[in-house]
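Data block below; observations after.
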Amino acid sequence: MVIEKPDPKNNVVGVAWYRREQWPRLLEISTDRSDLEDSYDNWLVYITETFERMKSEGLDPIKVDIDTEELLAWCRSRNLPVNGKARAGYVIEKVRKIHEPPPN
C-alpha cells in the first residue's frame, strides 16, 4: 500500500491501486515482497478498509491505477529498487500530474 499527501494544503491522498492480474508480477519485482500481502484478495480487503478509514478521518483518498510494468520502468529510469518508498514516489508523481494546475 502506498499513501501519500501530495499537497499539505488539501486532503487528497493517493492510494496505489493494483490490478488483480498484475499482483504476481508486483510480488516478483518488489524487493520488499515480504512486506506485501501474499494474495491480491488479502491486499484488496486491507486496502479497502484503509481507504474507508481515510474517508472517515476526513481525507480524500483517490485510487491511483498502477501498471506494474510502468512502475518498473519508472524505478529503473531513476535507479531505484521497486519498494515501498519508490512506489510511494510513483504515486505522488501520478497524483501531482492529476491535481496540479497546468503551467501558464
Side-chain angles (χ1 to χ4, degrees):
M1 177 188 73
V2 178
I3 302 172
E4 189 62 43
K5 285 178 137 180
D7 181 350
K9 292 182 244 172
N10 65 40
N11 291 330
V12 172
V13 179
V15 179
W17 211 265
Y18 301 104
R19 302 173 191 177
R20 178 180 295 279
E21 69 275 8
Q22 293 185 354
W23 189 256
R25 180 68 172 142
L26 178 68
L27 296 179
E28 180 183 309
I29 66 174
S30 294
T31 60
D32 61 347
R33 188 254 178 271
S34 63
D35 293 340
L36 298 169
E37 285 73 14
D38 289 331
S39 73
Y40 181 84
D41 290 329
N42 288 344
W43 170 81
L44 188 59
V45 167
Y46 170 76
I47 200 64
T48 301
E49 290 171 356
T50 300
F51 199 84
E52 292 305 315
R53 187 184 74 245
M54 286 190 284
K55 289 198 302 192
S56 73
E57 293 172 355
L59 299 172
D60 183 16
I62 59 169
K63 296 177 184 178
V64 178
D65 179 61
I66 303 297
D67 179 279
T68 54
E69 296 308 313
E70 288 176 11
L71 169 64
L72 180 58
W74 185 89
C75 288
R76 284 182 175 161
S77 73
R78 291 158 177 78
N79 290 325
L80 297 172
V82 180
N83 60 23
K85 184 176 180 180
R87 291 188 299 267
Y90 182 68
V91 168
I92 291 167
E93 187 171 296
K94 289 189 82 161
V95 169
R96 285 185 178 147
K97 286 179 181 177
I98 296 167
H99 288 279
E100 282 187 353
N104 292 331

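Here the structure is a predicted model, which means the values were calculated and not measured. All residue numbers in this chain count up from 1 along the given sequence. FYI, side chains are in, hydrogens and waters are out, and symmetry mates aren't considered; it's all heavy atoms of this structure.
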*Identify which one of E21, R20, Q22 satisfies the side-chain contact (heavy atoms from CB on, under 4.5 Å) criterion when paired with Y40.*
R20
*Salt bridge between D65 and R19, side-chain N to carboxylate O under 4.0 Å?*
yes
_Testing the basics here: between N83 and T31, what is the closest heavy-atom pair and its distance to 0.1 Å?_
CB-OG1, 3.5 Å
*Looking at E52 and K55, does any basic side-chain N land under 4.0 Å from a carboxylate oxygen?*
yes
_OH on Y18 to CG on L44, rounded to 0.5 Å_ = 13.0 Å
*Test item: V95 and V12 side chains (from C-beta on) under 4.5 Å apart, heavy atoms*: yes
*Atom SG of C75 and atom CD of E70: how far apart are they, to the nearest 0.5 Å?*
12.0 Å
_side-chain contact (heavy atoms from CB on, under 4.5 Å), that's the test. Do V45 and E37 meet it? Break it down for me._
CA-CA 10 Å; V45 167; E37 285 73 14; over 6 Å; no
_Which heavy atom of D38 sits nearest to which heavy atom of L27, and what is that distance?_
O-CD1, 3.7 Å
*Taking the side chain as every heavy atom from C-beta outward, state whether L26 and L71 have any atom pair closer than 4.5 Å.*
yes
*Ion pair present between R87 and D32, side-chain N to carboxylate O less than 4.0 angstrom?*
yes
*Give the minimum heavy-atom separation between V15 and P61, together with the two atoms involved.*
CG2-CB, 4.1 Å
*CG on D67 to OH on Y90, rounded to 0.5 Å*: 6.5 Å
*Would you say R76 has more than 12 foreign heavy atoms packed within less than 6.0 Å of its CZ?*
no
*Using a strict cut-off of less than 4.0 Å between a Lys/Arg side-chain nitrogen and an Asp/Glu carboxylate oxygen, indicate whether E93 and K97 qualify as a salt bridge.*
yes
*Drop me the distance from L72's CG to W74's CH2, to the nearest 0.5 angstrom.*
12.0 Å
*Of all heavy-atom pairs between A86 and P81, which one has the smallest distance, and what is that distance?*
CB-O, 3.2 Å
*Answer whether the closest heavy-atom distance between the side chains of I47 and W17 falls below 4.5 Å.*
yes
